[in-house]
Amino acid sequence: MTNHDCQLTLARRMGTLPSSCVRELMRATGGRDVISFAGGLPRPDLLPLDAVRAATDRVLTREGGEALQYSSTEGEPALRSLIAERLLAPRGLRVAPEQVLVTTGSQQGLNLLGKVLLEPGARVALENPSYLAAIQAFSLYEPDYLPVAMDDDGVLPDALEQCGGTRAPNFFYAIPDFQNPTGRVYSRRRREAVVEVLARRRLPLVEDAPYSHLAYGEEPGPMLASAYPERSFVMGTVSKILAPGFRIGWVAGPARWIEQLVRAKQATDLCTGAFAQRIVAELLRELDLPAHLARLRAAYRQQCDAMLAALAAHLPGEATWTRPTGGMFVWLTLPRHLDAREVLNRTLPRGVAFAPGESFSPDGSSRHALRLNFTNATAADIERGIAILAEEVKRLL
Ligand SMILES: Cc1ncc(COP(=O)(O)O)c(C=O)c1O
């Protein structure tokens, strides 16, 4: 493929790589006074600034120049242990520290999985809709997608059983805890049913779990991988519970699978920044994590309630939406003949942004839906923004 503007011959894979509509929106609206429901950002005043300052100081005093050296590709041993102990074990997954690979954000985990597991024409089964940046990350490796239908209890086991027919997918990518973009959580019974299908088909699972610790009511059931550890990768991140600026995530899985990702990571970035890893380890050790999470949950629960109340007050009867009990997103479905991009074209000049649904479904089936983030806007802005969104939806009906 030749791009005459920049006189570069681009790799074929760039031709089909979608760009992130959310990143573009963030760029377009950055600095402007916009009520943004588009990203998945934590609320800035909930970032643990004082704890980070103190942790940084302690790390530099105690560890000196060592803290500023390269790390091993696998990651800092202390951090790998803390992730296993403090973040995975409470979700039902018992792994040894050696089974945890620290990554540069969990987005890098998605990229490494694509590198190691996908070649052109490989098949990825995923929930419909699914996380747009996972679709973007996998798309670099030119797979075909098999979107699997969901209901409010999670992915449909029958649809998963049949997906791909005799040509089974290379893996199933799932976000069972407060999914991005729908906010749905798999019920306990559905978790069991899905694991049964995976085991019967011997399908590898990639379980992405950035929102597991952000439950606003009942805790989600144990991770799918806890009942299927021999064929599961689990991904996580501190982006939603500490701060995205650290760019610290992880992939855990069977040791021989993790070794393959380590080789790919060596070739990708040598290692994740040691300084950020050591500060995050110190935070996981010293911060009162349960109290910090309780603060996040209380604040986000109120914002979620504000969004659900605003939707009920303003949206017309033809629209439906999910009612999340955790995470960061509500998924709003409009009548089929509406295109959420057209709605966005009308709300943006009025200062309201959101993520149109199209990019969350590789088969284009979510054009009439949209994702609303509620964690990075005040209750007053949520009310004002949803009122504007509803006005524009009604004009298009
Ligand atoms: C489902 C899912 N996976 C991965 C990520 C990437 O997170 P990170 O900041 O760790 O790269 C996100 C971020 O929004 C997400 O929602």
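Keep in mind that what you see is a predicted model, and the values were worked out from it rather than measured. Counting convention: from 1, in listed order, for ligands and their atoms alike.
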I'd like to know if the side chain of Gln179 and the backbone of Pro129 have a donor-acceptor N/O pair within less than 3.5 Å. yes
Any atoms of ligand 1 less than 4.0 Å from a non-hydrogen atom of Arg247? List them with their elements. 8 (P), 9 (O), 11 (O)
Close approach of Pro210 to ligand 1, heavy atoms, under 4.0 angstrom: yes
Among protein heavy atoms, which sits nearest to atom 9 (O) of ligand 1, and what does the distance come to when rounded to 0.1 Å? Ser239 OG, 2.6 Å
Over-ring placement of Arg297 relative to Tyr216, 6.0 Å and 45° cut-offs: no
the protein heavy atom lying closest to atom 3 (N) of ligand 1 turns out to be Asp208 OD2, 2.6 Å
Protein contact to atom 15 (C) of ligand 1 [nearest heavy atom, distance to 0.1 Å]: Tyr131 CZ, 3.5 Å
Protein heavy-atom partner closest to atom 16 (O) of ligand 1 - residue, atom, separation in Å: Tyr211 OH, 2.6 Å
Does the gap between the ring centers of Tyr300 and Tyr211 come in under 6.0 Å? no
Atoms in ligand 1 with a heavy atom of Gly105 nearer than 4.0 Å: 10 (O), 11 (O)
Under 4.0 Å from a heavy atom of Lys240: which atoms of ligand 1 are those, numbered in the order shown and with their elements? 13 (C), 14 (O)
Closest to atom 10 (O) of ligand 1 (judged by heavy-atom distance), picking from Thr103, Ile175, Thr237, Val238: Thr237
Quick one: look up the protein heavy atom nearest atom 7 (O) of ligand 1 and list residue, atom name and how far away it is. Ser106 OG, 3.2 Å
Measuring centre to centre across the rings, with the benzene-like ring taken for any Trp, is Tyr173 within less than 6.0 Å of Phe138? yes
